[in-house]
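Structure record follows, encoded as structure tokens.
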Protein chains: 2
Amino acid sequence: MVSIMIDYSMTSQQPAVRPNLAAALEDRGFRITRPRQRVIGAIEEQGEGFTAESLCDALQDVGRATVYRTIRHLLEVGSLCKLIMPDGTPKYSLARVEHHHHTMCINCGTVSEFRDSTIERALRSIEREIPDEIVGHRMEFYVVCAACSTHGSR
Amino acid sequence: MVSIMIDYSMTSQQPAVRPNLAAALEDRGFRITRPRQRVIGAIEEQGEGFTAESLCDALQDVGRATVYRTIRHLLEVGSLCKLIMPDGTPKYSLARVEHHHHTMCINCGTVSEFRDSTIERALRSIEREIPDEIVGHRMEFYVVCAACSTHGSR
DNA sequence: ATCATTATTGATACCATATATCAGTTAAAC
DNA sequence: GTTTAACTGATATATGGTATCAATAATGAT
């Protein structure tokens, strides 16, 4: 399963700015140990739409607990996004520095991302309308990607 | 934990139209058995923001498997929404007939809902912009509700 | 009504994802 | 270099949910 990065924000054409995972952890007082370097390396290699198990598989000599712990730290620090497939199974994705949202192909699992000024404006307008204090949101789009809709199982 | 229904769509003032759970299952060829009636009863009682376990607790004499199966059927039929808290734990909520989205208090767990023409328009505009075929989306807002932000643990 | 058919149930086992525990190890600070 | 604190990884446990399957209940045909 290959994960392609498609950037739908055709207006702002700069490449996605990825957080520096090691630096993000270090800034929060975490030590950059050998096992954490290994996990970070695997995450950067797998990039978009990986699972905790796919990291464990790639890092046989790093303990499962350490893999999960590092994922958790990186989520807390905001360097990873946790995505939920329609069936509830989780996926992780390298974040980008700017706020963004994800599309996930329900057929092949490919994760892509987009930024859209319309949705950002709409989000702000919603946040004005909801009386409670908004502390976060989740927004994911499920798609059948171009590759899956042309050839392959449909 | 009390779950209050707040309808933020002040413009369209009709009350939320809830699906008839038994009818929805029956229409799809499911039998309306005693245990299913019990589950449906508990769901209608708990309304917004319940968990599978809270149903099991309320229905000691109905098997766990049956509770989970009934939830699954109702999700497939579109009569329930599955929501995900920021930490990844799931909640269920009685759907309404019209498309809508949810807010969830990260402190007390209260689920509320809203409909907003701005977001619906924004969603359609996003769907036009994303080249892949969109087959669904997830959108949830995490809040600290009024009750939690005034009194209590903050 | 009775029987045959089919769906449903619930006890149990199991699976996936993830966290808690804790003795042993590593890295940092002094 | 020793002390101190953080980290690791094996293992146990928690949580949310599905698979299995014999027993049971609902339905349809006679």
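Chain identifiers are assigned alphabetically (A, B, ...) following the order of the sequence lines, protein sequences preceding nucleic acid strands; residue numbering begins at 1 within each chain. What's counted below: heavy atoms across the whole structure, side chains too, no hydrogens, waters or symmetry copies.
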**Item:** Residue pair A:Ser149 / B:Glu133, side-chain donor-acceptor N/O under 3.5 Å
**Value:** no
Is there a donor in the side chain of B:His101 and an acceptor in the side chain of B:His137, or the other way round, less than 3.5 Å apart? yes
When you compare the side chain of [Y] with that of [X], does any pair of heavy atoms fall below 4.5 Å?
X	Y	value
A:His73	A:Leu25	yes
B:Leu83	B:Tyr92	no
B:Phe114	A:Ile130	yes
B:Ile119	B:Met139	yes
A:Asp132	B:Phe141	no
B:Leu21	B:Leu94	yes
B:Val135	A:Ile106	yes

* Classify the side chain of B:Arg64 versus the base of D:dG17 as yes if they form a donor-acceptor pair under 3.5 Å and no if they do not. =>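 Side chain to base: pair found, below 3.5 Å.
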* Asked: Under 3.5 Å, side chain of A:Ser54 to main-chain N/O of A:Phe50, donor-acceptor pair present?
  -> no
Mind calculating the distance between [atom1] ([X]) and [atom2] ([N]) to the nearest angstrom?
X	N	atom1	atom2	value
A:Leu25	D:dT8	CG	P	10 Å
B:Asp57	D:dT15	CG	P	12 Å
B:Leu80	D:dG16	CG	P	17 Å
A:Asp61	D:dT8	CG	P	13 Å
A:Leu74	D:dC7	CG	P	13 Å
A:Arg28	D:dA6	CZ	C1'	18 Å
B:Glu26	D:dA26	CD	C1'	12 Å

Overall bend of the helix from C:dA1-D:dT30 to C:dC30-D:dG1 (five pairs an end, 10° steps) is 30°
Closest to the 5' end of DNA chain D, once A:Gly29 and B:Thr89 are matched to their nearest nucleotides, is A:Gly29
- Should B:Lys91 be listed as having a side-chain N or O under 4.0 Å from OP1 or OP2 of D:dG16?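 It does not, given that no N or O in the side chain of B:Lys91 lies less than 4.0 Å from OP1 or OP2 of D:dG16.
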Checklist entry - According to a strict under-4.0 Å criterion, is B:Tyr68 in side-chain N/O contact with OP1 or OP2 of D:dT18? => result no
Footprint ends on DNA chain C, 5' to 3', for atoms under 4.0 angstrom from a heavy atom of chain A, come out as C:dT17 to C:dA28
- Query: For DNA chain D, what residues of residues 30-41 of chain B have any heavy atom nearer than 4.0 Å?
  - Reply: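 Going residue by residue through residues 30-41 of chain B, the ones with a heavy atom under 4.0 Å of DNA chain D turn out to be B:Arg31.
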Does A:Glu98 pair with A:Arg18 as a salt bridge, N-O distance under 4.0 Å?
->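 No, A:Glu98 and A:Arg18 are not salt-bridged.
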Basic-acidic side-chain contact under 4.0 Å: A:Glu53, A:Arg64: yes
query = Just checking A:Ala52: base, sugar-phosphate only, or nothing, at a heavy-atom cut-off of under 4.0 Å?
reply = sugar-phosphate
